[in-house]
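For reference, the structure discussed in these notes is given below.
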Amino acid sequence: MKLLLVDGNSFIYKAFYAIRGLSNRAGLPTNAIYGFRNILEKCHNAIEPDGIVVVFDAPGPTFRHESYPQYKAQRQKAPEDLISQIPWIHRLVEAQGLKRLCIEGFEADDVIGTITCQAQDAGYREVYIATSDKDLGQLLTKPGVFLYDTSKERILDAAAFHDKMGVTPAQVIDYLALVGDASDNIPGVKGIGPKSAQKLLEQYGTLDNIYAHVDEISGAVGKRLQEFRDDAFLSRRLLELHTSVPLDDSDFRPGVPNVPELYEIYSELGFQGLRDKLNYQVDAPPAAAVATDIDVRIADTAEAFAELLHEAATAAVIAIDTETTSEHAVEADLVGISIAIGEQAWYVPIDHAHTDTHRNMPTADVQKLITALDRSDLLLVGQNIKYDLIVLQRHDMALPQPRLFDTMIASYLLDANRRSHGLDQLAVEFLSHEMIAFKDVVPKGSTFRDVDIPTAARYAGEDAAITLALYNLFAPRIEQEYHELFHAIEMPLVRVLCHMEMLGIAVDREMLGNLHESFTRRLHELEEKIYELAGEAFNINSPKQLATLLFEKMGIPPVKKTKTGYSTDVSVLEALAPQYEIANVLTQYRMVSKLLSTYVNALSELINPWTGRIHTSFNQTVANTGRLSSSDPNLQNIPIRTEEGREVRKAFVPAPGFCFVAADYSQIELRIAAHLSGDESMLKSFAEEKDIHAQTADAIFGSSEPNYRRMAKAVNFGILYGISAFKLSRDLGMTPKEGQALIDSYFLRYPGVKAYIDHQIAFAREHGYAQTLYGRRRYLPDINSRNRNIREAAERNAVNMPIQGTSADIIKIAMNRIHQQLAPYQARMLLQIHDELLFEVPFEQAEPFSAFLQEQMESAAQLKVRLTVTVSSGNNWNDVH
DNA sequence: GCATTGACGTAC
DNA sequence: GACGTACGTCAATGCA
């Protein structure tokens, strides 16, 4: 087994200076990326390793800076043209399926040294180090270690190295301690160059021995040695590798190249030749993906089950998947459980309809299995594990103990942009494995219960096995870059969301029934009126028919176009309203129709027959910024702005004996903007706890009277979203020129905000992503797009995502902390609506709980401005606002 | 017949 | 085209 360690940093520099004048059409320099890729390929082809790691320096200080503050001080900062290429190089390495290491506090050399020392234990007989720096020569003292010299394309062992350098590998550090290294600011002994150093080491062997005999050394050399003794020893200390860098990963086998990603990278960089060589059709699945059978044991005999129990009780990492009768966890019946441990997958049949060849395991046995899994020293892995936890808990098989690892959420953190984090897609992309299709196993009209047990085992076992394989792939990256976010925020939140979804929220059926009636009646009235004004009947719900009527039959001049015809949206109807009565009626019709179909009717149908409550599903991996989303039904967009809409809200009620307590962060996104930008005026406004929009109005208009406040509010929101003069002016009914003037005066009064926006865009351009205060990232591949619209959209994301995402991070932290401390209260968390939490609490606890809630939410993050939370209680969801 | 797309509107 | 993030409904269109 051969292991190849690539010293990424040395090659980035080498490539950058070796090739000149390469850039893509957007003007991004690409010379280092191109050169680096070639070097990487060259090493790989020359060595043909079984494992490969590409190691980079981590940004920020290292332990060397502590012992020697001037360390690398004189080294010039890397040129801007090089820095902008680094994120692309990292992305390219990952897309190639190679392990990329970058350990905070250590340099690439230390990491390479550490892995070299551990390689033999990991089963590698030969270690090849590809580098253009000579200090790694010191590692050649170990047997089975070689250097690869890319420029000469040859492998150096200790003897060859000695020939080339004139010193043995064991002497490299001492040699460099004498000679020094200007680029790393290793001082060395001034006045001693390579020749003297070689001669001294040949004669005395080591630096220590040289100094032991320093009195014997005559002339200038001796004098210099005496004079710079401290520098020599300090230099050596700096050169010594730290060979116990903490690494939590020893699997260096390369994965499969991510061809679509490579295609995208090469396209973006303008590497036409490389792209064409990929032989990849856009949107076609990679040809490499194959369906391979996974060995699954059916645990329905006493022996097999006993063995499974033993494994389940002792393994450290286990993947689990449940098979059920419904995709909705709150109403699904458990049919079977699959488990993957190490290389083995298991299937436990529980409630299959056909048992001719195998048997269903009795509940008591399944309980034993769950008990074996319910221990705090287990890492329980699952794909969308919230689903499995809910199903199991509903079958009296709660698993409160294990630490969790959700591969779907891991995929989301690693790249939120991914179109799907579904197991099928991840298997194809990361493992080149084509999964058995659910619809092939469960034909339409049947459920998993009807599937025969051997087929079920193949399907379910594959799910668990692939999930475990994805865990093996994702875990190192998660631990390295998203440890806190994953383990301190997202995984604990899974358990909170389980509780919320299982509990659901009550609605007043009767009230919904009444609303249905009154809205339906009103809709008919409006419909009649529209037909009358139109002079004919037509389908008002069809924008197409409506446009034909308004702009052709009635001859009303069109206001705005969509890509398929004339627009009839609310802004158009609003513009027509003063002149045409029908526009007014249509607006009302649209509102009532929306309330009826999307809310009143849909909500009634989603009341769970068993609990009598509505159980939404909170999705943790949909929103690109880190927000949650809610579906089936979406309870995050229940109306609040119009009177009629609030009627729907009133239908949400607490359980008998309980009241609602709601808490919402006031202006959290603007506060975060103030924190992130550090703008003094904005910070001051919040410090004074005054109306922020009025303050802004005062700042840019010199007055905070209502109309100015309204415009200031629009500007404040515009800032959060990446404003454009055009849209702002249209919203405020002014000319684009006036809109621009408004933005200009805003930035004049809030220069810190302007600087922040510019910085966010520059950061994204440089790193290829935007990030929140807690390190959540969103990659922005379009940030350098040549298409201005696409590029500007990415720039707005670069500004907005850190703000919206930090807000999402903070409320998630608050949810976790509150959940953990709920025990003294009988309060239940029901909903999260981005900056608001809704609870139901026994009446008598409303007050103490409200105080607790406010304190917890306000202290969830310590920013440069206070977070303030408004709490209120009431007997329906409308009452709490 | 079922799936996808577009227009629209609700929330934060 | 033209300010961010979602989800759901309906009609029209696309595909078998």
Side-chain angles (χ1 to χ4, degrees), chain A residues 416 444 538-547 560-573 586-587 589-603 605-606 616-619 621-642 644-646 648-649 664-670 673 714-732 736 739-740 743 757 770 778 787-805 807-808 811 831-836 877 881:
Chain A
K444 234 182 140 46
F538 63 103
N539 186 348
I540 308 169
N541 291 322
S542 162
K544 197 180 158 181
Q545 291 183 36
L546 181 60
K560 179 165 95 159
K561 282 178 145 186
T562 67
K563 58 179 161 182
T564 54
Y566 298 126
S567 170
T568 64
D569 72 14
V570 67
S571 71
V572 171
L573 296 178
L586 282 167
T587 306
Y589 177 93
R590 282 255 173 89
M591 179 183 72
V592 177
S593 154
K594 176 82 175 180
L595 290 172
L596 197 56
S597 66
T598 306
Y599 299 104
V600 177
N601 293 345
L603 285 177
E605 285 180 30
L606 284 162
T616 184
S617 170
F618 286 104
N619 201 318
T621 61
V622 172
N624 276 320
T625 54
R627 272 188 178 182
L628 294 180
S629 78
S630 154
S631 60
D632 305 299
N634 180 358
L635 293 185
Q636 291 181 322
N637 71 347
I638 301 302
I640 190 169
R641 288 169 195 179
T642 64
E644 292 87 342
R646 283 197 289 274
V648 175
R649 214 164 247 252
D664 67 286
Y665 282 109
S666 119
Q667 307 294 359
I668 189 171
E669 292 198 359
L670 283 170
V715 177
N716 275 332
F717 277 101
I719 295 303
L720 300 178
Y721 301 146
I723 202 158
S724 86
F726 181 88
K727 181 70 159 71
L728 180 71
S729 62
R730 221 182 45 181
D731 283 2
L732 291 175
Q740 188 57 52
I743 295 171
I757 290 172
R778 175 177 183 173
N787 181 321
R788 199 179 60 155
N789 286 334
I790 293 176
R791 185 179 62 248
E792 286 179 346
E795 289 174 356
R796 289 192 292 273
N797 292 153
V799 175
N800 175 258
M801 182 274 177
I803 297 172
Q804 189 175 114
S807 166
I811 196 164
L831 298 178
Q832 186 247 50
I833 310 100
H834 309 308
D835 63 355
E836 169 189 356
W877 196 5
H881 283 101

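Just so we're on the same page: letters track the sequence lines, and every chain starts at 1.
When the nucleotides B/dG9, C/dA6, C/dG4 are ranked by their closest atom to the side chain of A/R590, B/dG9 comes out on top. The side chain of A/V570 has B/dG9 as its nearest neighbour among B/dG9, C/dG8, C/dA6. Between C/dA12, C/dG1, C/dT5, one nucleotide has an atom nearer to the side chain of A/S542 than all others, and that is C/dA12. Of the candidates B/dA7, B/dC12, C/dT9, C/dT9 carries the atom nearest the A/T598 side chain, counting heavy atoms from C-beta on. The side chain of A/N800 approaches C/dG4 more closely than any other nucleotide in the set C/dG4, B/dC8, C/dC7. The side chain of A/Q804 has C/dT5 as its nearest neighbour among C/dA2, C/dC7, C/dT5. Checking B/dC12, B/dT10, C/dA12 against every side-chain atom of A/Q545, the shortest atom distance belongs to C/dA12. Distances were taken from every side-chain heavy atom of A/N637 (C-beta onward) to each of C/dG1, C/dA11, C/dA6; the shortest belongs to C/dA6. Residue A/S567 has its side chain nearest to B/dC8 when only C/dC7, B/dG6, B/dC8 are considered. Each of B/dC12, B/dT10, C/dT5 was ranked by its minimum atom distance to the side chain of A/N624; first place goes to C/dT5.
In this model, the phosphate group of B/dA7 is approached by a side-chain N or O of A/T562 to a distance below 4.0 Å at OP1 or OP2. OP1 and OP2 of C/dG4 both lie 4.0 Å or more from every side-chain N or O belonging to A/K727. Between A/N797 and C/dT5 there is a side-chain polar atom (N or O) within less than 4.0 angstrom of OP1 or OP2. Residue A/S597 places no side-chain N or O under 4.0 Å from the OP1 or OP2 atom of C/dG8.
Counting any heavy atom pair closer than 4.0 Å across all strands shown, A/D632 reaches sugar-phosphate atoms only and no base atom. Contacts of A/V622 with the nucleic acid, taken as non-hydrogen atoms under 4.0 Å apart, involve only primed sugar atoms and P, OP1 or OP2. Using a 4.0 Å heavy-atom cutoff across all strands shown, A/S630 reaches sugar-phosphate atoms only and no base atom. Within 4.0 Å (heavy atoms only), A/N789 reaches at least one base atom of the nucleic acid. Note on A/L720: nothing from the nucleic acid sits closer than 4.0 angstrom, heavy atoms only. Within 4.0 Å of A/K594, counting heavy atoms only, lies at least one base atom of the nucleic acid.
Across all strands shown, B/dT10 forms a Watson-Crick or G-U wobble pair, both distances under 3.5 Å, with C/dA6.
Nearest-nucleotide assignment on DNA chain C puts the 5′-proximal partner with A/S629, out of A/S629 and A/N541. When each of A/H834 and A/E792 is assigned the nucleotide of DNA chain C bearing its nearest heavy atom, the one mapping closer to the 5' terminus is A/E792.
Applying the 3.5 Å distance criterion, the base of B/dC12 shares a donor-acceptor pair with the side chain of A/R627.
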